Amino acid sequence: EEDAFGASSSSASRPGTASVMGPTNLDVDAVRVYVRVRPQNALEHKHGGQPCCTYSNGVRGVNLFEKNKMYDFSFTKVFQPHSEQFEVYDEVAAPVVDDVLNGINGAILCYGQTSSGKTYTMEGDFNDPHMQGISPRVIHELFDRIDASPPEIEYDV
């Protein structure tokens, strides 16, 4: 069953998710919205900075506090400050890599204020496999899987 915007009831109830009906009438998540909250940096600790958010709704909600007001937001998933690079990759990027290798276009966008952690999340430390961000992991995974595929399958890169 679809809502007024064409989204099926199964995905319309998932926060941060839009749905489209593809050519084979399969329900495909078109947009997923993730949030990664970075830990406080040394300067914030030095000046006695306090966290400005709490988490709710399992791993989906963020509550922001500003000037005695609370704002609630829901997302596909929230990565809290202790989240590891591989966790973000596995949840956010790995499904996109799967789709791309199956012929479905995919994109991962990173947006945020200066010093919010975009470069760390997307690039990380190229020289440390544990600390690599999304981009180097995607590149390694794509080429590893292309190399491992049967010779009759061709990929244009």
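Treat the numbers as computed from the prediction; the structure is a model and nothing was measured.
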Roughly how far, to the nearest 0.5 Å, is [atom2] of [Y] from [atom1] of [X]?
X	Y	atom1	atom2	value
S83	E91	OG	CD	10.0 Å
F75	N57	CZ	CG	11.5 Å
D72	C53	CG	SG	11.5 Å
D98	I104	CG	CD1	9.5 Å
R32	K77	CZ	NZ	13.0 Å
F126	I139	CZ	CD1	7.0 Å

In terms of heavy-atom contacts, does CG of N105 have more than 12 from other residues, nucleotides or ligands at under 6.0 Å?
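Not buried by this count: 12 neighbours or fewer within 6.0 Å.
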If you draw a 6.0 Å radius around CZ in F143, do more than 12 non-hydrogen atoms from other residues or ligands fall strictly inside?
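No - once you tally the heavy atoms of other residues, nucleotides and ligands closer than 6.0 Å, there are 12 at most.
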Counting N and O atoms only, with roles assigned by atom type, does the side chain of [X] sit under 3.5 Å from a partner on the main chain of [Y], one being a donor and the other an acceptor?
X	Y	answer
Q85	M131	yes
T76	V33	yes
R137	P129	yes
N41	L43	yes
K118	G112	yes
S135	M122	yes

Following the transitive rule for hydrophobic clusters with a side-chain heavy-atom cut-off under 4.5 Å over Ile, Leu, Val, Met, Phe, Trp and Tyr, establish whether [X] and [Y] coincide in one cluster.
X	Y	result
F73	Y111	no
V138	F86	no
I153	V100	yes
V59	V62	no
I108	L142	yes

Just so I know, are the side chains of Q40 and P51 near enough to count as touching, which here means a heavy-atom distance under 4.5 Å?
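Yes; the side chains approach each other to less than 4.5 Å.
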Using the side chain to side chain contact (heavy atoms under 4.5 Å, CB included) rule, take Q132 and Y89 through it: C-alpha gap first, then chi angles, then the decisive distance, then the call.
CA-CA 9 Å; Q132 287 179 346; Y89 174 80; over 6 Å; no
Assess whether a salt bridge exists between R38 and E44, defined as any Lys/Arg side-chain N lying under 4.0 Å from an Asp/Glu carboxylate O.
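Counted as a salt bridge, because a side-chain N and a carboxylate O are separated by less than 4.0 Å.
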Is R145 paired with E141 through a side-chain N to carboxylate O contact shorter than 4.0 Å?
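Here E141 pairs with R145 in a salt bridge, since their nearest N and O are under 4.0 Å apart.
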If we check side chain to side chain contact (heavy atoms under 4.5 Å, CB included) with Y34, which of these qualifies: V78, V88, T121, V92?
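Answer after filtering V78, V88, T121, V92: V92.
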Y55 versus P81, closest heavy-atom pair with distance:
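That would be OH-CD, 3.2 Å.
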State, to 0.1 Å, how close V96 and A107 come at their nearest heavy-atom pair, and which atoms those are.
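Reported closest heavy-atom pair: CG1-N, 4.1 Å.
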